[in-house]
There are 2 protein chains.
Amino acid sequence: MLKAVYTATSLKSDLNQRGFRLTPQREKILDVFQRLPQGNHLSAEDLHNILKDRGERLSLSTVYRTLNLMARIGILREVELAEGHKHYEINPPYPNHHHHLVCVQCHRTVEFKNELISKLGLKQAEASGFHLLDCQLTIYGVCLEALRQGWPSLLPSDWSCPHSGLDMADGTDL
Amino acid sequence: MLKAVYTATSLKSDLNQRGFRLTPQREKILDVFQRLPQGNHLSAEDLHNILKDRGERLSLSTVYRTLNLMARIGILREVELAEGHKHYEINPPYPNHHHHLVCVQCHRTVEFKNELISKLGLKQAEASGFHLLDCQLTIYGVCLEALRQGWPSLLPSDWSCPHSGLDMADGTDL
DNA sequence: TTAAGTGCAAAAGTTTTGCACCAAG
DNA sequence: CTTGGTGCAAAACTTTTGCACTTAA
């Protein structure tokens, strides 16, 4: 089973079990994700920059290869929020997945949890004979500010609402 | 409100209302989606090829611009199933969204409906002051065949299970 | 010691854009 | 008419890959 929190040792055994190796690069990459405040997700380039800032120098190829590997085995999850590139975050063990509501105009993202949805996801996976890796509800909408500004026709496609700085993610359950 | 089925006239009014124009190109593109068997989704290039086969010749740029426009206003929905490029399909009016279960190994996709999920999506959107456009649960997993073959380490990343030809999508509700 | 992983640079895609021309409202 | 849309070709990105070299197990 995948862990909620990884140590070098538990990461190693998760990798070795599957025939992969623990390398310093993989350890550093996972470390970045583990220190990331809840609700943040990183693109390959974000991650590469963070590592660069820390004085590490992994190649961008390794970053991509590692993200793919970790998503494939379920340590990370791929989040697609229509910004034109993939984002990744730690994949919390079932049933602690969270979900995303995103404004198609300003890309402001609201995170929320809903255990029922995770349960439905698991049930559907089982019914189809799949081993569940990740389950995410993505809601696309338009935020109030954009609507007020006359969305969609009166807004340039790069318009962002003033609130988009403050993050509305609050984990509120419905 | 967006339509379940578009005629040239209703498409025109949906576009005009928002300050956009009805062009022959947009009409043809939407027509392709409307004739598409339920459960199929197209990439920009797929769509461009279908149009080419029909003897139309729209530029690929127009295809991309139209897909973006229609997704932005909610006529189409963007579906991201980790094949490396976006797919599009008609966005059915609430609460008729369907959802996807996909094998990360072979990309076999199972479609399913669940009205409860759509309702939860709407509730969450409203609670956050968003106008709902689309709401999709995406479940990532590993199919039985891949597990049997020793997923993840013993499989080349392009391995596909024998069943992937037959489509398991059956619209079964849980 | 040997199969897997890394770095680099090049390639492969996909998607976006600038600009001149065309056409819907 | 006036503003938005199209086509073309070029550019911009993101992501993947081939290959020689390292290194974990």
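Just so it is clear: chains get the letters A, B, ... in the order the sequence lines come, proteins before strands, and each one is counted from 1.
- Separating the CG atom of Leu67(A) from the P atom of dG5(C) is a distance of 15 Å, rounded to the nearest angstrom.
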With a 3.5 Å cut-off and sequence neighbours excluded, list the donor-acceptor pairs that the side chains of residues 46-53 of chain B form with protein atoms.
{"from": "Asp46(B)", "atom 1": "OD1", "to": "Ser43(B)", "atom 2": "OG", "distance (Å)": "3.3"}
{"from": "Asp46(B)", "atom 1": "OD2", "to": "Ser43(B)", "atom 2": "N", "distance (Å)": "2.9"}
{"from": "Asp46(B)", "atom 1": "OD2", "to": "Ser43(B)", "atom 2": "OG", "distance (Å)": "3.0"}
{"from": "His48(B)", "atom 1": "NE2", "to": "Leu58(B)", "atom 2": "O", "distance (Å)": "2.9"}
{"from": "Asn49(B)", "atom 1": "ND2", "to": "Glu45(B)", "atom 2": "O", "distance (Å)": "3.4"}

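- With 3.5 Å as the limit, one finds a donor-acceptor pair spanning the side chains of Gln136(B) and Asp134(B).
- Here the side chain of Asn91(B) pairs no donor or acceptor atom with the backbone of Ile75(B) at under 3.5 angstrom.
- With ring centers used as reference points, His100(B) lies under 6.0 Å from His41(B).
- Remark on DNA chain D: of its neighbouring residues Thr66(B) and Arg21(B), the 5'-side contact belongs to Arg21(B), judged by nearest-heavy-atom nucleotide.
- Ring centers of His99(A) and His97(A): at least 6.0 Å apart, outside the cut-off.
- Checked by atom type, the side-chain pair Glu89(A)/His98(A) shows a donor-acceptor distance below 3.5 Å.
- Along DNA chain D, read 5' to 3', the first and last nucleotides having any atom under 4.0 Å from a heavy atom of chain B are dT3(D) to dA9(D).
- Put simply, Lys12(B) has no side-chain N or O that comes within less than 4.0 Å of OP1 or OP2 on dA24(C).
- At the phosphate of dG5(C), OP1 or OP2 sits under 4.0 Å from a side-chain N or O atom of Arg26(A).
- For the pair Lys52(A) NZ and dG7(C) P, the computed distance is 13 Å after rounding to whole Å.
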Distances under 3.5 Å between protein N/O atoms and the N/O atoms of nucleotides 13-16 of chain C, please, pair by pair.
{"from": "dT14(C)", "atom 1": "OP2", "to": "Glu45(B)", "atom 2": "OE1", "distance (Å)": "3.4"}
{"from": "dT15(C)", "atom 1": "OP1", "to": "Lys86(B)", "atom 2": "N", "distance (Å)": "3.3"}
{"from": "dT15(C)", "atom 1": "OP2", "to": "Tyr64(B)", "atom 2": "OH", "distance (Å)": "2.7"}
{"from": "dT16(C)", "atom 1": "OP2", "to": "Asn68(B)", "atom 2": "ND2", "distance (Å)": "3.0"}

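- Considering only side-chain N and O atoms, Gln25(B) lies nowhere under 4.0 angstrom from the phosphate OP1 or OP2 of dA23(C).
- Taking 4.0 Å as the cut-off between side-chain N and carboxylate O, Arg26(A) and Asp31(A) do not count as a salt-bridged pair.
- Under the 3.5 Å distance criterion, with hydrogens and angles disregarded, a donor-acceptor pair is assigned to the side chains of Thr62(B) and Ser59(B).
- Following rounding to the nearest Å, Lys28(A) (NZ) and dG7(C) (C1') show an atom-to-atom distance of 14 Å.
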